[in-house]
Amino acid sequence: EPGGTSVRNMEHWAQQVNRATFSMYDYGTKGNMVHYNQSTPPVYDLSKYPTEVPLGLYTGGQDELGDPADIRRLLADLPMPPEVLFNIPSYAHVDMVWCYQAATQVYYPSVLPLLQKYAQSPP
């Protein structure tokens, strides 16, 4: 069975969906001033993702939490394309972790080779 999550995590997710933003948790104006020294939560600046760090992006075509529009937006905001962009059209949000076939469909053919590549020669 999938693991649990916190109420705050779900609230943060709802903030992102309702505002169409990708920003830190919104504590409200006063709380944001305490946490971020500004009235609104800072937006995550994906253009600052370190280009020397390899990135693998694994997606599922049936993922309602990370749908194709979200993936396109993520890819557009990153400073470089991921080294691996792996999609399984039949997978939903947690299938990369919980699907019985994940080892043979995802880990062995894609994740392990990527890890082995950089374990032998770091970027």
Asks: Nearest 0.5 Å please: distance from the CZ atom of Phe22 over to the CG atom of Leu74.
Replies: 7.0 Å
Asks: Main chain of Glu11, side chain of Tyr25: is a donor-acceptor contact present, judged purely on distance under 3.5 Å?
Replies: no
Asks: In the single-linkage hydrophobic clustering (I, L, V, M, F, W, Y; side-chain heavy atoms under 4.5 Å), do Tyr100 and Val97 co-cluster?
Replies: no
Asks: When you compare the side chains of Tyr91 and Gln101, does any donor N or O come within less than 3.5 Å of an acceptor on the partner?
Replies: no
Asks: Over all heavy atoms of both residues, which pair between Gly56 and Leu114 is shortest? Give the atoms and the distance, please.
Replies: CA-CD2, 4.2 Å
Asks: How many angstroms lie between NZ in Lys117 and CG in Leu112, if you round to the nearest 0.5 Å?
Replies: 15.0 Å
Asks: Looking only at atom types and distance, does a side-chain atom of Gln16 sit under 3.5 Å from a main-chain N or O of Ser23, one as donor and one as acceptor?
Replies: yes
Asks: So how far is it from Met96 CE to Asp63 CG, rounded to the nearest 0.5 Å?
Replies: 8.5 Å
Asks: Tell me, yes or no, whether the heavy-atom count around Tyr108 atom OH, taken from other residues, nucleotides or ligands under 6.0 Å, exceeds 12.
Replies: no
Asks: Do other residues, nucleotides or ligands put more than 12 heavy atoms under 6.0 Å from the CD atom of Glu64?
Replies: no
Asks: Taking the inter-plane angle between the rings of Phe86 and Tyr58 on a 0 to 90° scale, is it parallel (under 30°), tilted (30 to 60°) or perpendicular (over 60°)?
Replies: tilted
Asks: State yes or no: do Tyr36 and Val34 share one hydrophobic cluster built from I, L, V, M, F, W and Y residues joined by side-chain heavy-atom distances below 4.5 Å, directly or via other members?
Replies: no
Asks: Determine whether the side chains of Thr59 and Asn87 contain a donor N or O and an acceptor N or O closer than 3.5 Å.
Replies: yes
Asks: Kindly state each residue pair satisfying salt bridge (charged side-chain N to carboxylate O under 4.0 Å, His left out) with at least one member in residues 23-42, sequence neighbours excluded.
Replies: Arg19-Asp26
Asks: Mind listing the closest non-hydrogen atom pair of Asp95 and Ser90 along with its distance?
Replies: OD2-O, 4.0 Å
Asks: Taking atom CG of Asp45 and atom CG of Asp77, what is their separation to the nearest 0.5 Å?
Replies: 8.5 Å
Asks: If you take all heavy atoms of Tyr107 and Pro113, which pair is closest and at what distance?
Replies: O-CD, 3.9 Å
Asks: Where is the tightest heavy-atom contact between Pro41 and Met24, given as atom of each residue plus distance?
Replies: CB-O, 3.2 Å
Asks: Taking all atoms of both residues into account, what is the closest heavy-atom pair of Gly66 and Ile71, and its distance?
Replies: O-CG1, 3.9 Å
Asks: If only atom types and distance count, is the side chain of Asn18 paired as donor or acceptor with the main-chain N or O of Gln15 below 3.5 Å?
Replies: no
Asks: Report the distance from atom CD of Gln62 to atom NE2 of His93, rounding to the nearest 0.5 Å.
Replies: 14.0 Å
Asks: Can you get from Leu115 to Tyr118 by hopping between Ile, Leu, Val, Met, Phe, Trp and Tyr side chains that sit under 4.5 Å apart?
Replies: yes
Asks: Evaluate the criterion side-chain contact (heavy atoms from CB on, under 4.5 Å) for residue pair Leu85 and Leu75; output intermediate values, then yes/no.
Replies: CA-CA 10 Å; Leu85 179 55; Leu75 291 170; 4.0 Å; yes
Asks: Is it the case that the side chain of Asn9 and the backbone of Thr5 share a donor-acceptor pair, with hydrogens and angles ignored and the cut-off at 3.5 Å?
Replies: no
Asks: When you measure from the side chain of Asn32 to the backbone N and O of Ser39, does any donor-acceptor pair fall under 3.5 Å?
Replies: yes
